[in-house]
Amino acid sequence: MAGIGSSPLESGSGRENFSLALQNRGRILRSLATSAPSAPSLPDDPMAASLGILSTVLAIVLLAPFCSSESYAMQGFCPEIASSSGKILIKGGTVVNAHHKELADVYIEDGVIVSVRPNIRVSDDIRIIDATGKYVMPGGIDPHTHLEMEFMGTVAIDDFFTGQAAALAGGTTMHIDFVIPINGNLSAGFTSYMDKAKKSVMDYGFHMAITKWDEAVSREMEVMVKENGINSFKFFMAYKGSFMINDEFLLQGFQKCKSLGALAMVHAENGDAVAEGQKRMIDLGITGPEGHALSRPPVLEGEATGRAIHLASFVNTPLYVVHVMSIDAMEEINKARKSGQRVVGEPVVSGLILDESVLWDPDFITAAKFVMSPPIRKSGHGKALQGALATGVLQLVGTDHCTFNSTQKSMGINDFRKIPNGVNGMEERMHLIWDAMVESGKISETDYVRITSTECAKIFNIYPRKGAILEGSDADIIVLNPNASFRISAVSHHSGIDTNVYEGRTGKGKVEVTISGGRVVWEEGILKVSSGSGRYIKMPPFSYLFDGIEKADARYLASLHAPVRRSTATY
């Protein structure tokens, strides 16, 4: 069974008991330390629960002198410096990039890929990882996460330590989180998130949310792009009364993004209609989690997606639609792309894998854990989105990882509008997509790399530093065994939450080794991470999506045949 931290204890039964205690009980202490009033329930057997807690406490006491952070030891993690950057040879595997796969070795030195070719010979002092019969791929890049996000009167459980640690265990080596401004102030929000990220254990970047619009925000966008390495801004068409902005401001925001070479992103739901839908459900006495889905049907996602696409076309700027959850939204994107418009569609794992029937579960906590926005849709939408991903209508897969525990979800026990929105996915994404898309024959191994890593790196202008196994690329690499099986459970995951929306799911294709920045951080079920070892990756503006925009603008101006020069008539 996988351990959460590597132990300095000797091998044998002592170590096994140590790892088991941390894995099965550490998350109980995490929840006690990070959540409010009540904690997740203990096992039904009181004796087993007592022994489990005793084992955990004993393990932590034994481990404390070796941990670099007392607070994280109490959360069930042992931050440990992973094997130093040094020199590593990954030998005998099939190297898979988005454009090509080949039998080759990969040699890493000081966090960078030095060579990719067959039969690399090295000296005896080089660490060798045998990848025979396995795939060697770029680490995943998750384009859509919310760590330690303040939202709906609470704060997401996973921070830049637990969320990133979970990601590494699942084969994701970089993510892009959304900075939420403080009272609309972008700089204050950026400073706050840089502070949150001091505990990071892997590389990360930032998008910036725009929650209001005025000249000060417009000026700050320039600072974010030119000084802070942010090249994307998200506009909310939903969450009326908090994040939502109107069409006038959306147009101004799109125009500013275009001038800066920054990608405009939208959360596409009709916020006014959603508010009306919520009121309708409450008036009907529907207060449970099912009311969440019923209040914001696919038509409202489709309408907002189409509206954002039309406005982006009017401005002539690229558009990125986050968390595409419905056929309605996907069809709007497909229509726009067929016309030649530059629109990127991002489905998320929950929308690809789950269906809304879970929201009708008679147990509130079980149903509430699936509440997210846009909501998980009826059976059929997920398969259609998988098909769109396989055919290039949609381009890459995110998670919208935003985790709240059972206590936090219970804030809305009498009113679904108060259930914090969000599900997990950073640890599960790579496995679930491999099983659902590659193992099933829907896409190839190269396409898998494209939708989980390379396309994200290209869209956000960090390719080939990220998203590739090429000479000079960062050594962010996974070794995936296509013949090994995985099983997902809250008992064994590395997130800080006490539930998992993919509970009990099994499949083929398991990430057995994760290398982050040239360090082996996940191997043989052991996670070795060091708080503060992650790096902030600046992302420059004007990605390939902007290529030729100025020529299109010139063609538009030439097509106007205006202004018309008219003689002044005399009457």
Side-chain angles (χ1 to χ4, degrees), residues 144 146 149-154 156 177-186 188-189 207-218 220-221 224 232-257 262-282 291-312 314-315 317 319-326 328-329 332 346 348 371-375 398 400 402 404 411-412 415-422:
H144 189 154
H146 299 281
M149 179 186 180
E150 297 178 19
F151 186 51
M152 298 183 72
T154 188
D177 211 79
F178 285 88
V179 172
I180 307 299
I182 297 176
N183 297 322
N185 187 290
L186 309 192
H207 310 290
M208 176 65 73
I210 302 296
T211 57
K212 73 171 189 178
W213 187 259
D214 56 29
E215 282 304 311
V217 170
S218 177
E220 280 196 299
M221 286 174 68
M224 294 300 115
S232 51
F233 295 90
K234 179 181 178 181
F235 301 87
F236 291 88
M237 303 172 76
Y239 300 120
K240 186 175 182 178
S242 57
F243 293 162
M244 177 180 162
I245 62 173
N246 62 30
D247 287 358
E248 177 188 357
F249 293 158
L250 192 62
L251 272 170
Q252 292 180 38
F254 282 3
Q255 289 167 345
K256 188 66 177 183
C257 283
L263 184 56
M265 313 175 83
V266 288
H267 173 139
E269 288 182 287
N270 187 311
D272 290 320
V274 167
E276 178 60 30
Q278 290 175 329
K279 181 179 180 299
R280 180 187 300 172
M281 292 304 112
I282 296 298
H292 179 74
L294 293 170
S295 68
R296 47 208 315 151
V299 66
L300 302 188
E301 185 186 354
E303 184 279 331
T305 301
R307 180 158 39 100
I309 286 171
H310 291 311
L311 294 179
F314 179 69
V315 174
T317 195
L319 181 69
Y320 184 114
V321 184
V322 304
H323 48 45
V324 177
M325 298 292 284
S326 67
D328 305 55
E332 293 288 347
E346 169 212 271
V348 292
V371 170
M372 64 176 295
S373 293
D400 198 6
C402 189
F404 300 98
M411 293 165 59
D415 186 344
F416 68 83
R417 297 172 297 181
K418 297 179 181 178
I419 300 172
N421 289 196

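All heavy atoms count here, side chains included; hydrogens, waters and symmetry mates do not. Every value quoted in this text rests on a predicted model; they were computed, and no experiment measured them.
- Closest non-hydrogen pair, Val217 versus Gly184, comes out as CG2-O, 3.8 Å.
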Should Met244 and Asp272 be marked as a side chain to side chain contact (heavy atoms under 4.5 Å, CB included) after you check the CA-CA gap, both sets of side-chain angles, and the distance that decides it? CA-CA 9 Å; Met244 177 180 162; Asp272 290 320; 3.8 Å; yes
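- A heavy-atom distance below 4.5 Å is found between the side chains of Arg417 and Ile282.
- In this structure the side chain of Ser373 never reaches within 4.5 angstrom of the side chain of His323, judged on heavy atoms.
- Residues Phe151 and Asn421 are in side-chain contact: their nearest non-hydrogen atoms beyond the backbone lie under 4.5 Å apart.
- Side-chain atoms of His146 never come within 3.5 Å of backbone atoms of Asp400 as a donor-acceptor pair (strictly under, hydrogens ignored).
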Dump the intermediate steps for side chain to side chain contact (heavy atoms under 4.5 Å, CB included) on Val274 and Lys240, then the final yes or no. CA-CA 8 Å; Val274 167; Lys240 186 175 182 178; over 6 Å; no
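- Under the 4.5 Å side-chain criterion, counting only non-hydrogen atoms from C-beta, Asp328 is not in contact with Glu301.
- Judged by distance alone, with hydrogens and angles left aside, the side-chain atoms of Asn183 form no donor-acceptor pair with the main-chain N or O of Pro181 at under 3.5 Å.
- Using a 4.5 Å heavy-atom threshold, the side chains of His292 and Ile419 count as separate.
- A 4.5 Å side-chain heavy-atom check between Val321 and Glu332 finds every atom pair outside the cut-off.
- How far CE of Met411 is from CE of Met152: 7.5 Å, rounded to the nearest 0.5 Å.
- From Leu251, atom CG reaches atom OG1 of Thr317 across 11.5 Å, with rounding to the nearest 0.5 Å.
- Aromatic ring centroids of Phe249 and Phe235 lie 6.0 Å or more apart.
- Using a 4.5 Å cut-off on side-chain heavy atoms (C-beta onward), Phe314 and Phe254 make no contact.
- For an aromatic pair to be called close, the ring centres must be under 6.0 Å apart, and Phe243 with His267 fails this.
- Between atom CE of residue Met281 and atom CZ of residue Arg296 there is a gap of 12.5 Å, rounded to the nearest 0.5 Å.
- For the atom pair CD (Glu150) and CD1 (Ile182), the distance works out to 7.0 Å, reported to the nearest 0.5 Å.
- In this structure, the separation between CH2 on Trp213 and CG on Leu250 is 10.0 Å, given to the nearest 0.5 Å.
- The NZ atom of Lys256 sits 3.5 Å away from atom OG of Ser218, with the distance rounded to the nearest 0.5 Å.
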Evaluate side chain to side chain contact (heavy atoms under 4.5 Å, CB included) for His207 paired with Tyr320, printing each intermediate quantity in order. CA-CA 12 Å; His207 310 290; Tyr320 184 114; 6.0 Å; no
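- Nearest heavy atom pair, residue Leu300 against residue Ala273, reads CD2-CB, 3.5 Å.
- Contact record, Met221 with Cys257: CE-SG, 3.9 Å, taken as the closest heavy-atom pair.
- A heavy-atom distance below 4.5 Å is found between the side chains of Arg307 and Asn270.
- Judged by distance alone, with hydrogens and angles left aside, the side-chain atoms of Glu220 form a donor-acceptor pair with the main-chain N or O of Leu186 at under 3.5 Å.
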Begin with the C-alpha distance, continue with both residues' side-chain angles, and end with the deciding distance and a verdict on side chain to side chain contact (heavy atoms under 4.5 Å, CB included) for Glu269 and Phe236. CA-CA 8 Å; Glu269 288 182 287; Phe236 291 88; over 6 Å; no
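- For Pro298 against Ser326, the heavy-atom pair with the smallest separation is CB-CB, 3.9 Å.
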